[in-house]
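Notes to accompany the following structure.
Hydrogens, waters and symmetry mates play no part in the numbers below; they use all other heavy atoms, side chains included.
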Amino acid sequence: MSFLKWVSFVLIIHLLNPTLISCSSNGLSQIPSKFLTLAKRNDFFDWMVGIRRRIHENPELGYEEVETSKLVRAELEKMGVSFKYPVAVTGVVGYVGTGQAPFVALRADMDALPIQEMVEWEHKSKVPGKMHACGHDAHTTMLLGAAKLLKEHEEELQGTVILVFQPAEEGGGGAKKIVEAGVLENVSAIFGLHVTNQLALGKVSSREGPMLAGSGFFKAKISGKGGHAALPQHAIDPILAASNVIVSLQHLVSREADPLDSQVVTVAKFEGGGAFNVIPDSVTIGGTFRAFSTKSFMQLKKRIEQVITRQASVNMCNATVDFIEEEKPFFPPTVNDKDLHQFFKKVSGDMLGIENYVEMQPLMGSEDFSFYQQAIPGHFSFVGMQNKAHSPMANPHSPYFEVNEELLPYGASLHASMATRYLLELKASTLNKSYKKDEL
């Protein structure tokens, strides 16, 4: 009898006979370490590294992940894993297990960023102006690794694992389209991982409840009257108006928000003018805003529009504001389910030791994984990759961002462990309820 079959058998027997609890717990606790050992095999590790480097060399932006999804499909076909394509434009959804309920989902994002890579190495991006600067190449690779591990133990799965290879996380709201496509219907839970340079290799972090902020984007066109820079009295200067707008926007957080209710408004784009001695007719500004509660988020949205239009008017300019929701939909806050968080701590603790779990503080970053959590219970976590022998690694969205490939086995086995354990425990819980009902 294989290891996972033995675990499943013992778990079910335990539910019919509570005296076997220690044996059942020991069996379940061994699953993560067994998967990690399998994922660290030389041939398995080399395979994952090869995939990650191929994806890294050919980065594609949101909803353009044609070659990336082709690679994913090719690897799933080699494993004998069934899948659907296209889903949400360029997404791929795979299926491992019985094909029947219960269902649990694992998610990886596939898109890159419009950044010119500055890291000089053999597998540097081959596409000018595009780079995997947030680790999505590693995320895709780790989910493929999990698919391989799960397929090798498919007969032992007590349900079906849905593998979500998602497009367009970087502002495009790919997760929203996945939900709208009905992928999560009848799914009990979903798990997602993200690499981080803020933790050492072999450590993980997460938290219960609010974890990442909700986010939105805005752009505004401020129009005045162009003219000669030496004769400003004959012009209406939109650059001055926009400058005052930007300063006023900063007061929304410093003077209107509760200091204990974290919020952010950042103007990160300013375009206007093409000569040193010409006042332009108009300028365009753009940025992002973040908050942990829907109420605060909507208040920020309302006030951003008011400040831009009214401050522009003070400077005799006109302004229009666009929150570009079609292109970049608002992301809800990422909020981890309480029970799934306790489950994650158990599984990661069994794999790495509970001392390697780090309770994280909420971050103002955002994740469209939150769309899944609006639909079903979900859990998001971070996997460390900082090598102590390496100089501090660059942060995500930096042209110097790197991935420590030693983390790939950790992510793949953690994915596989959470799916396998979740199905085992859910199946056993269902049997236990049925047994008690029959007993009554």
So does [X] pair up with [Y], basic N to acidic O under 4.0 Å?
X    : Y    : answer
R41  : E152 : yes
K176 : E180 : yes
R53  : E57  : no
K130 : E64  : yes
D261 : K295 : no

Exercise. For residues F297 and F289, establish whether the separation of their ring centroids is below 6.0 Å.
Key: yes
Practice problem: Kindly give the heavy-atom pair with the smallest separation between E170 and D111, and that separation in Å. | Solution: N-OD2, 2.8 Å
Quiz item: Looking only at heavy atoms, what is the nearest atom pair of G172 and Y63, with distance?
Solution: O-OH, 2.9 Å
Between [X] and [Y], is any pair of side-chain heavy atoms under 4.5 Å apart?
X    : Y    : value
F165 : I178 : no
L144 : L76  : yes
I55  : L71  : yes

Drop me the distance from [X]'s [atom1] to [Y]'s [atom2], to the nearest 0.5 angstrom.
X    : Y    : atom1 : atom2 : result
K301 : F218 : NZ    : CZ    : 12.5 Å
H341 : K346 : NE2   : NZ    : 12.5 Å
T98  : Q158 : OG1   : CD    : 8.0 Å
E402 : W121 : CD    : CH2   : 8.0 Å

Quiz prompt | Evaluation steps, side chain to side chain contact (heavy atoms under 4.5 Å, CB included), between E367 and H194 | solution = CA-CA 10 Å; E367 243 288 347; H194 200 296; 3.9 Å; yes
Quiz item: Would a distance-only check, ignoring hydrogens and angles, find a side-chain to backbone donor-acceptor pair under 3.5 Å from K151 to G80?
Solution: yes
Quiz prompt | Check: Q166 side chain, M110 main-chain N or O, donor-acceptor pair, under 3.5 Å | solution = no
Self-check item: Any donor-acceptor N or O pair under 3.5 Å, side chains T68, E60
Solution: yes
Quiz item: Does any donor atom in the side chain of Q198 or N395 lie under 3.5 Å from an acceptor atom in the other side chain?
Solution: yes
Quiz item: Which of parallel (below 30°), tilted (30 to 60°) and perpendicular (above 60°) describes F191 and H379?
Solution: tilted
Quiz item: Using the ring of each side chain (for Trp, its six-membered ring), is F369 parallel, tilted or perpendicular to F380, with breaks at 30° and 60°?
Solution: tilted
Exercise. Can you spot which of L426, L28, V104 makes a side-chain contact (heavy atoms from CB on, under 4.5 Å) with R421?
Key: L28
Quiz item: Looking at E117, H123, H132, which hits side-chain hydrogen bond (donor to acceptor under 3.5 Å, both in side chains) with H56?
Solution: E117
Quiz item: Honestly, is K219 close enough over F323, meaning NZ or CZ under 6.0 Å from the six-membered ring centre and within 45° of the axis?
Solution: no
